[in-house]
Amino acid sequence: MIVNKLRDWIRAALSTFKRENRQERETDRLPNESKSKKLDREKSEKVSAQVKSGKPHKALRGTRDILPDETPLWQWVETTARELLQRAAYREIRPPMFEQTQLFERGIGEATDVVGKEMYTFADRGGRSLTLRPEITAGLVRAVNEHKLTAQGSVLRLWHVGPAFRYERPQAGRQRQFHQLDVELLGSRDPRADVEVIAIATTLLQTLGLKSLTMDLNSVGNGDDRQRYRDALVDFLTPHKADLDDDSQKRLATNPLRILDSKDAKTQEIVQTAPSLLDFLSPDSQQHFDQVQQYLTDLGIVYTLNPRLVRGLDYYTHTAFEIQSADLGAQATVCGGGRYDGLISQLGGADTPAIGWAIGLERLTLLLKQLAVEPSTAMDVYVVSRGAATAGKALQVAQALRQVGLAVEMDLSGSAFGKQFKRADRSGAVLCVILGEAEAEQGTVQLKWLTSGEQSEISQAALTQAADELVQKVRQAQQAT
RNA sequence: GCGAGCGUAGCCAAGGGGUUAAGGCAGCGGUUUGUGGUACCGCCAUUCGGGGGUUCGAAUCCCCUCGUUCGCCCCA
């Protein structure tokens, strides 16, 4: 038995070796090719070999089709958000989905993970380096600056919903193309602005029926506060360097604040006794933060102070917050945001303070699915017809009923009435309009109420004239069920 | 980039070396050729992600590969 296993192993190794040898010879034909280029080419050859094999195309890793069964949920979320934002004086903006790479490098920060390893960057045909937006704020701020949307001292309230892209391994609540609802309030330093924006997030989540979410709150101060804290933290951590996890050791030089929320147990232990950012806030920063907390409490918004909450994008100042759910697996954050007073001027605009957040719609819909929230997509009326003479009439009836506001589906199969009624049931319609040869001849239709089984005949002319009345009856029948 | 698990129909799955690959949902057709929700009957995988190997014989064992899921890193 052992002998057999050994033989299997040797044979398999031999065949792999042969295959590799073959590949080696083929790749050797191209001289002057760097090793990494060669690897790239081999990779893309593998991918195209799969495509050539005649298999149907599949959505790329980390992308997903949102199918018709799911879109009602998305539409409901979007509609709810749009109405809420409209009532709070926010206006929609739609910036493009890709920008110059440099915009994100400068805006988000070269040392961040997002810029360092997660961007979809490519050269266009003109040789420019472009990047699919990894988040929405930077591009939105670019648009605001470009079109001079903030006059001096004015306040600008904006929102946007759309996809963003990050090159990462997908897992629960994480994809390469994902969707964010983004809300930004530009032009105010007032702590009430912070709270207005946070309240919109909590209200929206509440309106959608989400409970048992928690909010972490912190202040990362202004630039000077953070610089002083950063120095103090590095001083504190340097003696412990050898005990930190590998990533944290690297971050000691590049981005020390991020060490604070490392999940490594040993690192966490060390960090416990580290100086707190909150002790380094200037009097102004402290006052701002105090007021934010006061206003939040006044509105009854519950939060937990988390001095170790450090967000991964460089542009945050003062208020930082995250809303999390315990039901999302490892990626618990549904909503993250904060103040970014320096970003707008850094991207070439006037010195303008701002605050905003983003909600991840995949994560949000994941939670809503757990709640089994299912918006209705039922039809009001189902049009059944059979026979050549009825075809055009059925179309006209459907059209007329839609014009008075009813949701109407028309059966296209021409199969037996029995079959068509089955589909009528499934459509959720309460009323069936029946058009057979006899009706077509007499210029009538049968109206059958699927709720009661009651059926009556009416002329086609009367149907369109009394359409409004019919709408009332349909609504009544729906109420009754 | 790293680690672990999993790939059988549109979906959920049983089968873990022996030849016709269970079952359920959905779909289509029929009982009912112009009247639904129920019931019953029939149809729906020459093939188990792909390639190679072992074997008289592979969905089942071995190797490679692709995909996917969850986790690490980090975030939405």
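All chains are named by letter (A, B, ...) in the order of the sequence lines, taking the proteins before the strands, and each is independently numbered beginning at 1.
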If you find the nucleotide of RNA chain B closest to A:A438 and the one closest to A:R426, which residue's nucleotide is nearer the 5' end? A:R426
side-chain hydrogen bond (donor to acceptor under 3.5 Å, both in side chains) evaluation trace for A:Q177 with A:Q175: CA-CA 5 Å; A:Q177 175 176 341; A:Q175 290 173 235; over 6 Å; no
If pairing means Watson-Crick or G-U wobble with both distances under 3.5 Å, then the partner of B:C74 is none
If you look at every strand shown and take non-hydrogen atoms under 4.0 Å, does A:I434 touch a base, only sugar-phosphate, or nothing? base
Among A:L364, A:V77, A:L361, A:I136, find the one that has a side-chain contact (heavy atoms from CB on, under 4.5 Å) with A:L181. A:L361
Complementary nucleotide of B:U68, counting Watson-Crick and G-U pairs under 3.5 Å: B:G5
For the side chain of A:E168 and the base of B:A76, is some donor closer than 3.5 Å to an acceptor across the two? yes
Which one, B:G3, B:G37, B:G29, comes nearest to the side chain of A:R169? B:G3
Select one nucleotide: of B:C74, B:U35, B:U68, the one nearest the side-chain heavy atoms of A:R61. B:U68
Just checking, A:K448 and A:F421: is the charged tip under 6.0 Å from the six-membered ring centre and within 45° of the axis? yes
Does the ring of A:Y167 carry A:R176 above it, NZ/CZ under 6.0 angstrom from centre and within 45° of its axis? yes
Whom does B:A21 pair with, Watson-Crick or G-U wobble, provided both distances fall under 3.5 Å? none
Assign each of A:P170 and A:G173 to its nearest nucleotide of RNA chain B by heavy atoms, then name whichever residue's nucleotide is nearer the 5' end. A:P170
For B:G34, does the base pair up with any side-chain atom of A:E439 as donor and acceptor (N or O, under 3.5 Å, distance only)? yes
Looking at A:E439 and A:K393, does any basic side-chain N land under 4.0 Å from a carboxylate oxygen? no
Taking N and O atoms by type only, does the side chain of A:Q331 place a donor or acceptor under 3.5 Å from a partner on the base of B:C74? yes
Considering every strand shown, what is the Watson-Crick or G-U wobble mate of B:U47 when both distances are under 3.5 Å? none
At 4.0 Å (heavy atoms only), tell me whether A:V334 reaches a base, stays on the sugar-phosphate, or touches nothing. sugar-phosphate
Syn-anti status, with the boundary at 90° from 0, for the nucleotide B:G16: syn
What residue among A:L431, A:V381, A:V433 forms side-chain contact (heavy atoms from CB on, under 4.5 Å) with A:V408? A:V381
Regarding A:R386, tell me which of base, sugar-phosphate or nothing describes its non-hydrogen contacts under 4.0 Å with the strands shown. sugar-phosphate
Base, sugar-phosphate, or nothing for A:A164, non-hydrogen atoms under 4.0 angstrom? nothing
Tell me which nucleotide, if any, is Watson-Crick or G-U wobble paired with B:G16 when both distances must be under 3.5 Å. none
Pair of N/O donor and acceptor under 3.5 Å linking B:U35 base with A:Q455 side chain: yes
Could one point to a donor on the side chain of A:K58 or the base of B:G67 with an acceptor on the other under 3.5 Å away? no
For B:C40, which nucleotide is its Watson-Crick or G-U wobble mate, given both distances must be under 3.5 Å? B:G30
Indicate, with a heavy-atom threshold strictly under 4.0 Å, whether A:G436 touches base, sugar-phosphate, or nothing. base
